[in-house]
A.B. asks: 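Let me begin by handing over the structure; questions about it come next.
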Amino acid sequence: MKDNAESYVTKDGRTIGPVVMEMKNITLRFGGVEAIKDISFDIREGEIRAIIGPNGAGKSSMLNVISGFYVPQDGEVWYKGARRPSMKPFEVAQQGIARTFQNIALFEGMTVLDNVMTGRLTHMKSGMLSQMMWRGAAEREEIENREIAEKIIDFLEIQAIRKTPVARLPYGLKKRVELARALAAEPSLLLLDEPMAGMNVEEKEDMSRFILDVNDEFGTTIALIEHDMGVVMDLSDRVVVMDYGKKIGDGTPHEVRNNQEVIDAYLGVAHD
Amino acid sequence: MALIQCPAGQPASVPALLHRNAKQFANAPAYREKEYGIWQSWTWSQTRDEVEALALGFLELGLKEGDFVSVIGRNRPYLYWAMMAAEMCGAVPVPLYQDANAEEMAYVMNHCGARFAVVGDQEQVDKILDIQGQLPEFERMIYLDPRGLRKYDPATLDQYTSVQEMGRKNRDKHIKELEARQAKLDYDSTGVMLYTSGTTGKPKGVVLSNRNVIETAKSSSEFDKLRQTDEILAYLPMAWVGDFIFSVGQALWTGFCTNCPESAETMHVDLREIGPTYYFAPPRVFETQLTNVMIRMEDASRFKKKLFDYYMAVARKVGPAILDGKDVSFGDKLKYRLGELFIYGPLKNTLGFSRVRVGYTAGEAIGPEIFDFYRSLGINLKQLYGQTEATVFITAQPDGQVRSDTVGITCPGVELKIADNGEVFYRSPGVFVEYYKNPESTADTKDAEGWVATGDAGFVEPDTGHLRIIDRAKDVGKMADGSLFAPKYVENKLKFFPNILEVVVFGNGKDECTAFINIDLTAVGNWAERNNIGYASYQELARHPQVMDTIQSHVEEVNKSVAQDEMLSGCQVHRFVVLHKELDADDGELTRTRKVRRRIIEEKYHDIITALYDGSPQVSTETEVTYEDGRKGSIKATLEVRSAKVMPVAHKMAAQ
């Protein structure tokens, strides 16, 4: 594992910066159930960090802790060098963290463009009155935000469905629209909850391409949860492996793949 | 034939026309492209400035006179400008098909020895980097879309905008040279080089001079009374001669505006937004649109469906006559007016054809029903016949003389001659200069007097002067009993059925004809959906007994109509298979312009052809397929061989 403070350059020429987010000894309980037990790991600037594990391992809970949806009973979340107090999700979003959901959470009746525009909400500053009057700041802001939304639509190649209501789209495209909305917030940290669940091979390849492109083009730090081992190993710089709420592995895909505990958790272990 | 000289005072080259337009139509829109959801437009004077900046940048990069510049990508104003900028520098633009694979690109770029390439995006950059080792003369690549290219080695790569920037910065240094080079351009200098797709053999580089381009643009614009205020949508491959003539030649000559869609997928939305007044599409596009309309009408409410059916019947009855300006009864006129209000108007608007004044289809025969459908709506759809070697136009249908079975009368300045074997020859100001580095082929195609062999067999109707094309001359053959074999004739009749996408008919030198058939997945898939027939793949649907029955009924219907033609009654299809895969340009079975390559198909599927003739009820086969990314795979299938009823040949029977 690389030293904390130093940046380094990956084999494909991307610069991975210092740690931006650090989870220290996180424990999360629901009643008596311990979903996450004393887990620590960090996320570096510019990297693609995967969290993997079998069903019920606590991956989504972990992501919800990062996004501020759950407040852990124990442990500390450090973000950009400071300890983060417990926050509401919208406050976390204002800090530059955006996410997508395992079960798509788009506004089904709205068009793709409108959905993407909602991702710009945290950047809109004009007051309600100004927005109602549609003069000055509000109008200017709308134009600026539309421009950013359109660049993202172009980037994710969804121009053809710009004006289509989301409800009419197939699943794979909805996932892409959700990614577009998250990107519209111009996050510094992007959380993806199973971005490839339920997709066919071609859609998975497309999505992988987009994730890599986002990371490459915008330098966005990405933390993702994924079931598909092949995809994870190809995409990520480092991988955290969870099982029953505990961390059982952490390192490069290569290190994780050869970790005996991980192999046992995934393939099962013979009991004599 | 003496070559036409440039009239005094008229611009003699493509760049000269651009300069003229920049003065004459300075503030009129020249190019538009939808980007980031908004139509961005450039006036003629802005276009001239953009092109000039790029040309100056080319000079800074060391582009020499006579160099070749490959241009590869989807239709974008920037790429059209790159072609014009190359011409300004005295270099020759060579547009390539953007879906060409690396191997095809390597051949063409090697053949012309391109030193520069202007490409659209990372995909094209990657392809050229792959083949760079095979291109000793190749030096620099200029790309448009920087996405994904940040980490590429900048030594041989430049961004389009930075080349323009470089040009603007070094304007003083190069402007004299650029002006001098432009001054040298005349009617005889090369305007563009286009590679023919080649149904046989390797692609050939067709050299077209400024004379070819400008004379053709001039006469064809006059023929159709094109105006400066016209709008076209540029969406067909830039490597195809038609696109060059419409979007560069005619656009420059008349000064109309060329609109580029946002992406291939948004083409139909963009078409609707622009509402072009001058429109071109191959029959396939019209066919697909009609199929989509019909499919959607099937799902419409009963009232709407009834209204549609009623007024479409009215349109079929009187629409074409009204379009041709013939007299129809007052009642019919009134009904047609109402139809326009209720059905035709909204439908044309949805299709993006509300403003079409001149529409053309060419490249393949168009089904009479399809053709009549559009004409009955009041869309002035016409046919033309042309080829790269003629700078497109050989014959075209004038307004008021439009029929689905001819390709029209000779265009202004064109002479026609039919050889003894039926092959069509022409001579015109558009006749190409030569095939690049291929004097034998040039001599084979063009004789000393300037007559060019089209390779198509046809005849001129004596009473109307319209040309009718039967088939490719080399595909026309004889059956074993000596009767005429014209596969295309039968194939076209079959392809007019919406369920059938592609057909290949065999039978040269044999006793009877047989056929390969590709189903149309959209049409047949929709039929399956409505009839609750489940299928997992193209292959499974193609094999379904009910689909086979439907196709068989189509074949038998065609046999009936073929039997009525004395000359061609021998071409009835006796046995056929529905193929397990779509014929594809990636597998070399079609050209990039989607023409069937018979010889390759014959070789590749020889086992199936054998089965068609030896009477076996089915045939097992394994076929290699190439995926878009160049990987190869194979599919196995067992195909059912069906026999179709054939009609007795009336004339012959009587004679015996």
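Every chain is numbered from 1 and lettered A, B, ... according to where its sequence line falls, protein lines coming before strand lines.
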A.B. asks: Please determine whether the number of non-hydrogen atoms from other residues, nucleotides or ligands lying under 6.0 Å from atom CZ of R296(B) exceeds 12.
C.D. replies: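 No, the 6.0 Å shell around CZ holds no more than 12 heavy atoms from other groups.
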A.B. asks: Let me know if D213(A) has heavy atoms under 4.5 Å from chain B in its side chain, its backbone, both or neither.
C.D. replies: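 Interface part for D213(A): side chain.
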A.B. asks: Is E139(A) atom CD crowded by more than 12 heavy atoms from other residues, nucleotides or ligands, each under 6.0 Å away?
C.D. replies: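 Check passes, neighbour count above 12.
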A.B. asks: For E622(B), does the CD atom sit with more than 12 other heavy atoms under 6.0 Å from it, leaving out its own atoms?
C.D. replies: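 For E622(B), atom CD is crowded (more than 12 foreign heavy atoms under 6.0 Å).
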A.B. asks: Check step by step if side chain to side chain contact (heavy atoms under 4.5 Å, CB included) holds for E150(A) and E35(B).
C.D. replies: CA-CA 9 Å; E150(A) 284 291 348; E35(B) 203 181 14; over 6 Å; no
A.B. asks: If you define the side chain from C-beta out and look only at heavy atoms, does anything of Y36(B) sit under 4.5 Å from E147(A)?
C.D. replies: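 No - every pair of side-chain heavy atoms lies 4.5 Å or more apart.
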A.B. asks: Taking atom NZ as the centre, does K636(B) end up with more than 12 heavy-atom neighbours from other residues, nucleotides or ligands that are less than 6.0 angstrom away?
C.D. replies: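 For K636(B), atom NZ is not crowded (no more than 12 foreign heavy atoms under 6.0 Å).
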A.B. asks: Does R530(B) CZ have over 12 foreign heavy atoms under 6.0 Å away?
C.D. replies: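 Yes, because the 6.0 Å sphere around CZ of R530(B) holds more than 12 heavy atoms from other groups.
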A.B. asks: Of all heavy-atom pairs between R14(A) and K151(B), which one has the smallest distance, and what is that distance?
C.D. replies: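 Scanning both residues, the minimum pair turns out to be CG-NZ, 4.2 Å.
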A.B. asks: May I ask you to list the residues in residues 95-114 of chain A that approach chain B closer than 4.5 angstrom, counting heavy atoms only, ordered by number?
C.D. replies: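 Counting heavy atoms that sit under 4.5 Å from chain B, no residue of residues 95-114 of chain A is involved.
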A.B. asks: In residues 155-194 of chain A, which residues are in contact with chain B at a heavy-atom separation under 4.5 Å?
C.D. replies: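 Residues F155(A), E157(A), Q159(A), A160(A), R162(A) are the ones that qualify, each having a heavy atom under 4.5 Å from chain B.
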